[in-house]
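It should be emphasised that the depicted structure is a prediction, and the values quoted were computed from it without experimental measurement. Chain letters run A, B, ... following the sequence lines, proteins first and then strands; every chain starts at 1.
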Amino acid sequence: MEYRPGEIEPKWRQWWKDNKTYQVKNNTEKPKYYILDMFPYPSGVGLHVGHPLGYIASDIVARYKRLRGYNVLHPMGYDSFGLPAEQYAIQTGIHPAESTKINLERYREQLDNIGFSFDWDREVRTSDPQFYKWTQWIFMQLFNHYYDKTSDKALPISDLVKHFEANGNAGIVAVCEEETPEFTGSEWNAMTEKEQLKMLLCYRLTFPGEAYANWCPALGTVLSNDEVKDGVSERGGHPVERKLMLQWNMRITAYADRLLEGLNTIDWPDSIKEQQRYWIGKSVGASVKFEVENHSDKKIEVFTTRVDTIYGVTFLVLAPEHEWVGALTHSAQRIEIEGYIKWAAARSEIDRMSEVKKVTGAFTGSYAINPFNGERIPIWIADYVLAGYGTGAVMAVPSGDQRDWSFANHFKLPVVPILDAQKNLEIAADPTKEGRYINSGIINGMTYTEAVPTLTAWMESKKIGKAKTQFKLRDAIFSRQRYWGEPVPAYWNDGLPYLIDTKDLPLVLPKVDKYLPTESGEPPLGRASNWRYQPAGSDAKFEYELSTMPGWAGSSWYFYRYMDPHNDNEFCGKDALDYWQDVDFYIGGSEHATGHLLYSRFWNNFMFDLGLVKNREFAKKLVNQGMIQGRSNFVYRAKEQFFEEYLMLKVLEPFFAEVGPIVISESDSEEGYNYDFAFEANNLVIEVTSRKQIEKIERIRQTATADGKRLLLLTTEELTASINDPEKISEKVKAALNSREPYIETKDQPAVEQLFVSHSLLYKYSPEAFTKLHVDVNIVENDVLNIEKTQTNPHFLNANFKLDPNGQYTCSFEVEKMSKTKYNVVNPDDIIAQYGVDCFRMFEMFLGPITDAKPWNTQGISGVSGFLRKFWGLFFDSKGQFNLSDEPANKEELKILHTCIKRVTEDLERMSMNTCVSHFMIATNELRRLNSNNKSALEALVIMMLPFAPHVAEELWGMMGQSGSVCDASWPILDETHLKKDSINYPIQINGKLRATLELPVDTSASDAEQAALALEQVKKWLEGNTPKKVVFIPNRMINIVV
RNA sequence: GCCCGGGUGGUGGAAUGGUAGACACGCAGGACUUAAAAUCCUGUGACUGUAGAGGUCGUACGGGUUCGAGCCCCGUCCCGGGCACCA
């Protein structure tokens, strides 16, 4: 019987569904194992081959652990709130819940096709009110708690109030706003209720506050740092600016130390831990206060990690945004300072990044006094000092810090050496801590380790400074001016926020007429009618908070919901939590290093403080699966033959007829000559990444328009605007078509050398041009373009043509991230249809180590496909009849089997799936060679194959007469005795180089082995009659003779 | 610039400090076939060679430790990912 995956695979999926094979119970005597995938955001494009990589790996581990006797929790769900659905809603008016549901069903269908062992009864969706009810509930807990530094945990606000009533805020060490004033118990009691509530906001773990935010005017929302890339929004590429706004914040900084320490307790990749450590950015140092001449009310506080350099301070630098800049500016300097501030504010993030080396700044005219030596030092402003870090002011030590040195050098400020070991200060700063201090008052002659405590003690006694630890980590902004997110369960009364009653959870997203900000600039929820809260026992209604929660809210705790997904009374029941505890193994992409993976740890720590969860860390072990990259194929051509025009026209041709206007946007990033293609609305958008392209485009345009066709060029800004307002674009198109004078931007630039056009795109839209192209292709070296294959599926082409000296067409490829706009996305459905799911699963694993990034390449899939057929063939005789021998397995069979058991087991434990596949191949090839059809051996192999190829395993299991699912079988037990060899083939090395091999019985003694080795002809030849200096003998391994 | 990974045949990749290149793809030759596909067998790091013997070289490059290094240490180059003036 032939192996027909197309028949057996759907059959078993249905069987699993009917028999609830993957249903997981919370109450069992078995040990638990919780293996979790990062849940996907269900985007409109569906799964590509990169998605399942991690899911397949986790599914293999889940199935393996189950065979090992664990009760395995392996759930899946959806991170279903998010910006793309909202953008789609803005464009189409379709409710995000609707489009999300459609996407989600597509995902589910694709996931089902891959044969995962998910318990779908436990599915969660963050946008489901029954889920976000608990996201809101956790938010309320954060609001109702503060962070107590003494016990180092979160405590109820009510405890804090009691303390305030008795003692004010003296004697309480809590994490709070920097400017929180001190007050006594009676002062507290004398405050109005409103004043008290306002004061409490300084302590709550989530609170509304003014903060600089990444405001994106085009999207009408605030973005998190990870959503901003190079000064533009990650999605859409819209400009982003820094803006002071009233936002909900999460006091994640309270947990900075614990988040840092916790990293030492978890088995996560070092790169992730490093990124988190850097992000938290703990630096230990001191803060020092500098008095300002003629401003007795102002003391400039600076933070430094090198307090030992205090005598080398020759000026202070404030951030241009520092609040005292205005007051400290002398009238003579006012024009210059104001000019500088204006200039600095106008600098975009990109400017700042690209001009790091440029020294800029301005002198305020004021002077500060160095508290250690009383010296008068000028106060400058410069934008290398960041307003958001530390105090927004630094003490500049040009001899020890390169930035300070450059600044001093540029503005001719003095450089004072402070250590005798400092060298070449006329060329650069020397940050050394070696040597002994000079010019340094009380620490003269001391070393670094002596100086620091001396200085700290001195300044603490004089109350001019103190030891301080500073974190880079900022409080996390939690508000989004968007529709498609969790509503914040709070309302406003007289400028103060109040929580709604727990009984009123979930606070369900209201309907709105449009998913855009209101006319007055309020978030979309401002459009909802009667979006007001009536507290119990109140006649009045109050306006709800209008912002929604960010994407990371739901994902910060979802792993607990899987444990008890249908619980209406708790986010997760106590019994379920007691049993499942935490995630044993978490698999997902490393791109979440400082986002999801940090916020989740923060929430988890908080929930741990409240006794809501069992462990400080939510995931014991984390593995990052590598990205599967796409392969984009390109066609090149030398410039002088005007190939580009030909190609472009061929590509564009169909569109002139079909879609009307063609939009070409221009962005002047770096070099590179890509035309990127994408569809926006109904237009073909060609993004030109170099100004040099404009001329080319213009020539094409002229050719095109001569034929009565139209082409329109737009700048990036216009394109951006068009996405938000489709009306605008059509106006522009109309105008351009009427005038027949499209907007063109040109520059005197040399013509491009070559041009890349996506290969597959060309095929897709102009098969004719594609065919033409390959007729005279000159094929070089081994990689041959298989035109047959290519024509059936342009994605699978394997072209690697070298540039031909005769100017022939040449092809090449680049490996890049899979993305829709690059036309290099490979959908798993096609492969599954051709080879079957089991083959797809095994092939993805066979591609290489799970953690490596690798380009998707179907070369080699035939090897896995062939292996599965061979494996299947082991169960059938030459007549095609299912035929197994019931004899006990012989020695050779046992050796093959147990070698396989040993290797696969070991490799599974270390997540080396690719080598597991090759072990199966070896076992299969060897059994075939023996013509073995031993039932007991094959039964064990079927069990081991289950995690990798579940359908074929179930089918063969059934054919072997077993009832029930092979999922409930037990992993074969390794018996090392079958691996024992009688003899060892020793490598004989001379001076570490292999010269011969020698077969010797196992456990041959050192002297016998030595004797036998020295007797070999090959060895004698190398010895040339000399006695060896030394013989190294490693039992059962090797012999090395040193001559 | 800083921090983390990595660099092995034509390709994807194997290799607790112990016979480098497992397994697979590709390629070449052969069997079967009217033919093709499929399948099976053999070969396949480079150079050299008396050619199924033997030898030399070989894991980015230069050093080192070791009886022995792809693996450990020092330096250099290149590629991938992350961060952005953090005082």
Side-chain angles (χ1 to χ4, degrees), chain A residues 225 230 269-275 277-279 281-283 285 302-306 309 317 349 352-359 382-386 388-397 400-404 406-407 470-473 590-591 593-594 624 626-627 629 781-784 798 800 815 843 846-849 851-855 857-864 866-867 869-870 873 903 906 910 912 914-922 925 928 985-997 1018 1021 1028-1034 1037-1043:
Chain A
N225 277 333
D230 301 336
D270 287 338
S271 62
I272 296 278
K273 289 189 186 183
E274 270 311 306
Q275 281 181 59
R277 283 191 191 106
Y278 183 78
W279 192 261
K282 182 175 184 172
S283 41
V302 302
F303 175 73
T304 175
T305 52
R306 287 292 304 275
T309 64
V317 189
E349 293 283 324
R352 284 191 174 209
M353 276 193 287
S354 54
E355 292 176 30
V356 164
K357 293 274 144 56
K358 202 167 159 185
V359 177
D383 73 348
Y384 81 85
V385 176
L386 308 175
Y389 182 71
T391 58
V394 301
M395 58 180 229
V397 184
D401 182 282
Q402 187 53 44
R403 278 179 325 238
D404 297 345
S406 304
F407 196 86
Q470 182 78 42
F471 291 93
K472 211 154 50 182
L473 185 71
S590 58
E591 66 271 23
T594 52
N624 296 127
M627 207 188 326
Q629 294 149 319
E781 300 199 350
N782 298 331
D783 265 339
V784 178
N798 166 30
N800 183 14
V815 171
F843 178 63
F846 194 54
L847 232 36
T851 50
D852 286 8
K854 48 204 158 267
N857 187 346
T858 43
Q859 278 185 4
I861 196 163
S862 63
V864 176
F867 154 70
R869 278 200 301 274
K870 287 183 206 168
R903 292 189 173 156
E906 283 172 0
R910 62 188 182 103
S912 177
N914 54 331
T915 51
C916 288
V917 178
S918 68
H919 300 322
F920 287 127
M921 288 174 168
I922 292 168
N925 289 342
R928 256 163 73 90
N985 188 21
Y986 278 94
I988 312 296
Q989 298 177 349
I990 312 283
N991 290 335
K993 286 197 174 165
L994 180 75
R995 295 300 178 187
T997 57
Q1018 298 100 307
K1021 191 176 103 188
K1029 285 189 195 135
K1030 185 176 176 182
V1031 177
V1032 181
F1033 175 77
I1034 312 288
R1037 254 218 196 277
M1038 49 77 64
I1039 299 166
N1040 188 15
I1041 299 162
V1042 185
V1043 182

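Within 4.0 Å of A:Q989, counting heavy atoms only, lies at least one base atom of the nucleic acid. A:K993 comes within contact range of the sugar-phosphate backbone alone, with a heavy-atom separation under 4.0 Å but no base atom that close. A:P269 comes within contact range of no nucleotide atom at all, as no heavy-atom separation falls under 4.0 Å. Note on A:R903: nothing from the nucleic acid sits closer than 4.0 angstrom, heavy atoms only. Across all strands shown, A:I922 has heavy atoms under 4.0 Å from sugar-phosphate atoms exclusively, and none from any base. Contacts of A:S283 with the nucleic acid, taken as non-hydrogen atoms under 4.0 Å apart, involve only primed sugar atoms and P, OP1 or OP2. Residue contacts for A:F846: at a heavy-atom cut-off of 4.0 Å it reaches a base atom on one of the strands shown.
Both distances falling under 3.5 Å, in either a Watson-Crick or a G-U wobble arrangement, occur for no nucleotide opposite B:U19. With a cut-off of 3.5 Å on both Watson-Crick or G-U wobble distances, the partner of B:C77 is given as B:G7. B:U56 and B:A46 make up a base pair, with Watson-Crick or G-U wobble contacts both under 3.5 Å. When both distances must be under 3.5 Å, the Watson-Crick or G-U wobble mate of B:U39 is B:A31. A 3.5 Å limit on both hydrogen-bonding distances identifies no Watson-Crick or G-U partner for B:U65. B:C2 is paired with B:G82 under the Watson-Crick or G-U wobble criterion, all donor-acceptor distances under 3.5 Å.
Residue A:F471 contributes atom CZ, which lies 13 Å from atom P of B:A87 at whole-angstrom precision. As rounded to whole Å, 11 Å separates atom C1' of B:G1 from atom OH of A:Y278. Note: CE (A:M921) to C1' (B:G13) measures 12 Å, nearest angstrom. The distance from atom CG of A:L847 to atom P of B:C23 is 19 Å, rounded to the nearest whole Å. The nearest whole Å value for the distance from the NZ atom in A:K282 to the P atom in B:A87 is 14 Å. We find that CD1 of A:I990 is positioned 11 Å from P of B:G55, with the value rounded to whole Å. A:I272 has its CD1 atom 10 Å from the C1' atom of B:G82, to the nearest Å. Look at CG on A:D852: it is 13 Å from C1' on B:U8, rounded to the nearest Å.
For the pair A:G392 and A:S918, both in contact range of RNA chain B, the more 5′-proximal nearest nucleotide belongs to A:S918.
Glycosidic torsion of B:G17 falls outside 90° of 0, placing the base in anti.
Annotation: cation-pi geometry satisfied between A:K472 and A:Y278 (NZ/CZ under 6.0 angstrom from ring centroid, within 45° of ring axis).
Interatomic distance, A:M395 CE to A:T309 OG1, rounded to the nearest 0.5 Å: 3.5 Å.
Judged by distance alone with a 3.5 Å cut-off, no donor-acceptor contact links the side chain of A:R995 to the base of B:U19.
Phosphate proximity of B:G17 to A:R1037: absent, as no side-chain N or O sits under 4.0 Å from OP1 or OP2.
For A:Y986 and A:F1033, the ring centers are positioned less than 6.0 Å apart.
Ion pairing between a basic and an acidic side chain is recognised when a charged N comes within 4.0 Å of a carboxylate O; A:R277 and A:E274 show such pairing.
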